Amino acid sequence: MSSSSDDDAPLARKAPNGVTKTKDRILGAKTDRRPSTNGTAYPGVSIRHGPVDEDGDSPMKDPSHVNGAALGKRRSRGSLTNGKSYKDLSDSEEADNKPLTKRRKTSKVLVDSDDEDDIPLVRKAKLPPRVDARQFGNSSDDDVPLNKKLANEKAKIEKRAEQTAEAIKSDAKKLKKKATVEESESEDDVPLVRKKPVSKATTNGVKSSAAAKKAKSKAKPEPAVAPKKSAKKKAEEEMEEEEDEAAAEEEFKWWEQPVQGDGTKKWTTLEHNGVVFPPPYQPLPKSARLIYAGTPVTLPPEAEEIAGFYGAMLHSTVNVENPTFNKNFFEDFQAKLDDVGHGVDAKGNKIKIKRFEDCDFTKIHEYYVNEREKKKNRPAAEKKAEKAEKDEAEAQYMFCTWDGRKQKVGNFRVEPPGLFRGRGDHPKTGRVKKRVNPEQITINIGKEAKVPDPPKGHHWKEVKHDQEGTWLVMWQENINGAYKYVMLAANSDIKGQSDFKKFEKARELKKHIARIRKDYTKELKSEVMADRQRATAIYLIDKFALRAGNEKGEDEADTVGCCSLKFEHVTLKPPNTVVFDFLGKDSIRFYDEFEVDQQVFKNLKIFKKAPKSEGDEIFDRLTTSALNKHLSTYMQGLTAKVFRTYNASWTMASLLRDMKSTGTIAEKVKDYNDANRKVAILCNHKRTVAASHGTQIEKMQEKINGLRYQKWRIKMMMLDLEPKLKKKKGADYFKLDEDLTPEWLEQHQAALVEEQRQKITKKFEKDNEKLVADGQKPMKQKELDERLEVATDMAKKFKKENKTKKVEAEGKGASVDKFEANLDKLDQRIETMRVQLQDKDDNKEVALGTSKINYIDPRLTVVFSKKFNVPIERFFSKTLREKFDWAIKSVDEDWEF
DNA sequence: CTCAGCCAGTCCGTTGTGTAACC
DNA sequence: CGGTTACACAACGGACTGGCTGA
């Protein structure tokens with residue numbers, strides 16, 4: 001705020017127009033709907049504070065007032081973002097934050113006993129029974145965080161699981177084969193390991209099963225020019241070996257060490273080799289010039305590089321057709337041109353790049369597409385050799401020494417320059433992300449360690465010895481000014497420890513959850529607005545796994561979480577259904593309808609009450625810091641995030657606990673994945689539906705239809721052999737399914753014929769090629785025509801079948817029994833395909849990975865794996881096994897979340 | 001002729017990497 | 001500020017397919 005007097009200026013003058021943004025160069029700057037948090041960004045714009053703040057000193061019941069920091073943050077939140085001032089509000093609203101008992105005198109708004117007044121839409125008589133209190137954790141651990149969404153999903157999945165189980169059973173032969181392979185492999189483990197005690201003879205059995213595999217596959221002669229093992233792999237193997245040696249004596253198991261220190265000092269000694277910089281810019285060849293208004297232009301390399309960024313992504317319509325992207329890009333491009341000089345044409349005449357519309361990047365694009373193609377098509381050996389070389393050069397950066405132990409570094413590469421692509425509707429999309437110089441880089445390293453050399457002729461920005469940080473290298477990025485850190489990989493001790501702590505914290509919540517739920521259920525009726533909002537928010541976070549929802553600035557995409565939910569994100573459907581529709585983290589849409597506690601419904605209605613309208617925050621008396629501060633009174637370190645972890649793991653735990661232990665390994669894996677999916681749905685982890693999804697589904701459906709048609713033909717053949725069957729089996733048995741219409745039939749038959757033709761033609765061409773290669777004359781067209789007669793005959797046959805409604809029995813030794821067997825096979829295939837199709841479709845927009853990596857306590861998976869005898873490899877990939885090493889080695893099957 | 005078994009090529013799901021977005 | 005969480009996309013690798021061969 002530039003001047004304090006502004007504080008009190010009436011906001012009614014409509015913020016959007018009154019704003020002169022210093023940053024107006026940002027394309028399509030959205031209308032200013034919210035004040036900045038610190039109140040300084042928009043000089044001349046008044047930020048109104050609600051009566052709360054004006055009365056800030058008066059004794060309030062609102063506990064957040066006690067806290068100065070919270071107050072500071074809240075100041076900006078007191079205002080309504082649609083330009084309405086609290087001063088303009090009705091008397092009842094003016095008393096907004098005062099004890100509701102007081103308000104009762106002036107307004108009926110929050111009178112609990114007065115539901116009808118409060119929610120006129122709801123007829124008292126028709127009020128549904130209150131949501132069962134049990135759902136809300138008055139007491140036990142049995143409180144179910146599952147929501148309706150999950151319940152539906154559960155029913156769906158269960159149904160499908162049944163289908164699958166059947167399909168799988170019916171496909172027993174295949175599966176049995178598979179199962180035996182699996183079993184034999186795991187059995188192999190033992191003798192193999194015994195024979196070769198050198199290899200990692202322990203729990204995970206990765207190596208041994210790999211070895212078994214190797215032994216099985218017939219010793220393939222290594223290609224003569226076998227490129228040397230990539231340095232990366234070598235380095236990793238070396239480490240494993242070292243580990244093995246150490247394991248033989250004493251592997252460092254931090255999870256078995258006593259907890260020490262206050263956790264602020266993260267290391268004592270730290271050695272590392274710094275970072276790898278991206279390769280320098282390679283100027284484009286003459287053929288790949290930017291064409292400006294029809295003239296090829298030679299640009300200074302620095303500008304050309306930026307043009308190159310754009311040209312390289314010309315095929316990416318999401319970017320190139322986004323006006324914000326183009327505007328931001330061109331602004332930065334022009335700025336660079338103004339800085340380093342515009343281009344020249346072939347004769348050396350200066351060309352000034354003025355209009356984006358006159359820029360033609362297609363030549364640049366073609367060049368990059370071409371290069372990529374070339375790179376892709378190189379011989380495999382060459383590719384491998386290059387990779388090996390690169391790995392070797394980078395090997396020294398892959399590991400560091402942390403308190404004397406070798407640890408993997410996560411991201412040792414400095415991010416290369418390019419065009420920033422923020423997710424969702426990001427105001428800065430298209431801006432140039434600049435190349436990072438050593439002079440911008442800070443190194444964090446042990447005092448005794450050798451500081452890595454900066455590239456020749458350069459120096460580091462700073463060298464620190466901060467033992468409270470876990471980062472090795474840090475720099476600031478130019479788009480948002482965010483800090484980027486090089487830290488250890490997920491499988492490192494330090495990351496494992498903090499992962500462990502995270503889940504322990506979530507488990508600790510179990511002890512407090514009943515009390516917390518009881519409290520917030522009570523506080524849903526609090527007479528203090530701030531408390532009531534807070535209770536409602538905790539309810540939503542607990543039940544629906546919403547994120548906290550911090551305030552966001554103008555320079556970020558407009559996404560929300562619980563505390564930042566706005567008027568338009570929540571729709572109320574009496575009697576007690578709430579529809580959420582908003583963009584969450586990463587601009588992923590959260591859409592769902594929930595039935596909520598009656599009191600919650602009522603509260604939300606109050607929080608949405610006029611004069612609030614679109615753009616206004618629902619929880620205008622609540623900030624994430626106030627929320628988290630309150631939560632931490634229950635338990636040290638408790639924040640909104642912990643609820644997500646807790647509810648995710650808790651859900652997984654209860655699903656796995658109730659799982660039946662029967663079935664094949666594949667079935668168990670599927671059961672596990674189904675549980676995983678429920679957690680993913682709870683957390684709203686989505687992925688974009690693959691562009692090819694629709695066609696893939698269609699293809700599968702068409703395949704199924706083809707099989708069904710085959711079934712019909714076989715039945716008709718049976719009839720051909722034994723006409724009596726018609727009576728025996730009934731006429732319906734021999735009818736073609738109705739959805740396979742005559743039109744479809746014709747089309748399908750045509751497709752079959754065409755397929756046949758293609759096959760024959762392809763083979764013919766191939767044969768000819770062979771002949772020519774052998775120095776003989778190719779066959780003539782006539783030969784092809786003759787061969788194609790097979791297809792023509794097929795078409796004729798179909799035609800005849802369609803006409804006579806009969807199908808002649810095919811194949812020699814045809815018998816009804818044989819046909820019956822064929823039918824059974826077809827049925828099985830159809831069933832498995834149906835299940836597959838359903839699975840695929842249901843899974844198209846659910847991402848399982850995120851919850852598996854971040855929310856589900858890995859020990860749950862380990863327990864499941866042990867209890868049901870499914871190798872852990874079926875659940876955790878190699879990297880995940882490394883990441884969760886602590887979990888795999890630390891629990892037995894009795895462990896409980 | 002049929003069929004299992006093998007190989008190469010293609011397809012497609014999974015895994016790993018990169019870095020943005022969040023608290 | 002420094003950490004975790006999140007998705008997209010590239011790279012990888014296993015499954016499937018068609019063609020071929022020999023029993």
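Note that the structure is a prediction, hence the values are computed from the model and not measured. Atom set for the values below is all heavy atoms of this structure, side chains included, hydrogens, waters and symmetry mates excluded. Within every chain, numbering begins at 1; the chains are lettered A, B, ... in the order of the sequence lines, protein sequences first and strands thereafter.
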Under the salt bridge (Lys or Arg N to Asp or Glu O under 4.0 Å) rule, what pairs show up with a residue in residues 844-854 of chain A, not counting sequence neighbours?
A:D841-A:K844
A:F329 meets the ring-ring contact (aromatic ring centres under 6.0 Å, His included) criterion, sequence neighbours left out, with A:Y310, A:F333, A:F361
Applying ring-ring contact (aromatic ring centres under 6.0 Å, His included), name anything that partners A:F277, two or more places apart in sequence or on another chain.
none
DNA chain C contacts among residues 314-321 of chain A, heavy-atom distance under 4.0 Å:
none
Round to the nearest Å and state the distance from A:K844 atom NZ to C:dA8 atom P.
15 Å
Does A:I853 reach a base, just sugar-phosphate, or nothing at all? Heavy atoms under 4.0 Å.
nothing
Holding to side-chain hydrogen bond (donor to acceptor under 3.5 Å, both in side chains), I want the full list of residues that pass it with A:K686, two or more places apart in sequence or in another chain.
none
Across the strands shown, which category fits A:N843 at heavy-atom distances under 4.0 angstrom: base, sugar-phosphate, nothing?
nothing
Taking the inter-plane angle between the rings of A:F884 and A:F876 on a 0 to 90° scale, is it parallel (under 30°), tilted (30 to 60°) or perpendicular (over 60°)?
tilted
Residues which pass ring-ring contact (aromatic ring centres under 6.0 Å, His included) with A:Y672, listed by chain and number, not counting sequence neighbours:
A:F864, A:F875
Using a 4.0 Å cut-off on protein heavy atoms (strictly under), produce a 5'-to-3' string for nucleotides 9-15 of chain B with B for base contact, S for backbone-only sugar-phosphate contact, and - for none.
---SS-S
Report the residues that fulfil ring-ring contact (aromatic ring centres under 6.0 Å, His included) with A:W471, sequence neighbours left out, ordered by chain and then residue number.
A:Y485
For A:P416, enumerate each residue passing the side chain to side chain contact (heavy atoms under 4.5 Å, CB included) test, keeping only those at least two apart in sequence or located in another chain.
A:P278
Give the rounded distance in Å between these two atoms: CZ of A:F590 and P of C:dA6.
13 Å
Hits for salt bridge (charged side-chain N to carboxylate O under 4.0 Å, His left out) against A:D499, two or more places apart or cross-chain, chain-then-number order -> A:K502, A:K883
Summary of salt bridge (Lys or Arg N to Asp or Glu O under 4.0 Å) pairs that have at least one residue in residues 473-484 of chain A, sequence neighbours excluded:
A:E415-A:K484
I want to check one thing: is the phosphate of C:dT4, taken as OP1 and OP2, less than 4.0 Å away from some side-chain N or O of A:Y485?
no
Quick one, give me the B/S/- string for nucleotides 18-23 of chain B, reading 5' to 3', where B means a protein heavy atom under 4.0 Å from the base and S means that only happens at the primed atoms, P, OP1 or OP2.
BBSBSB
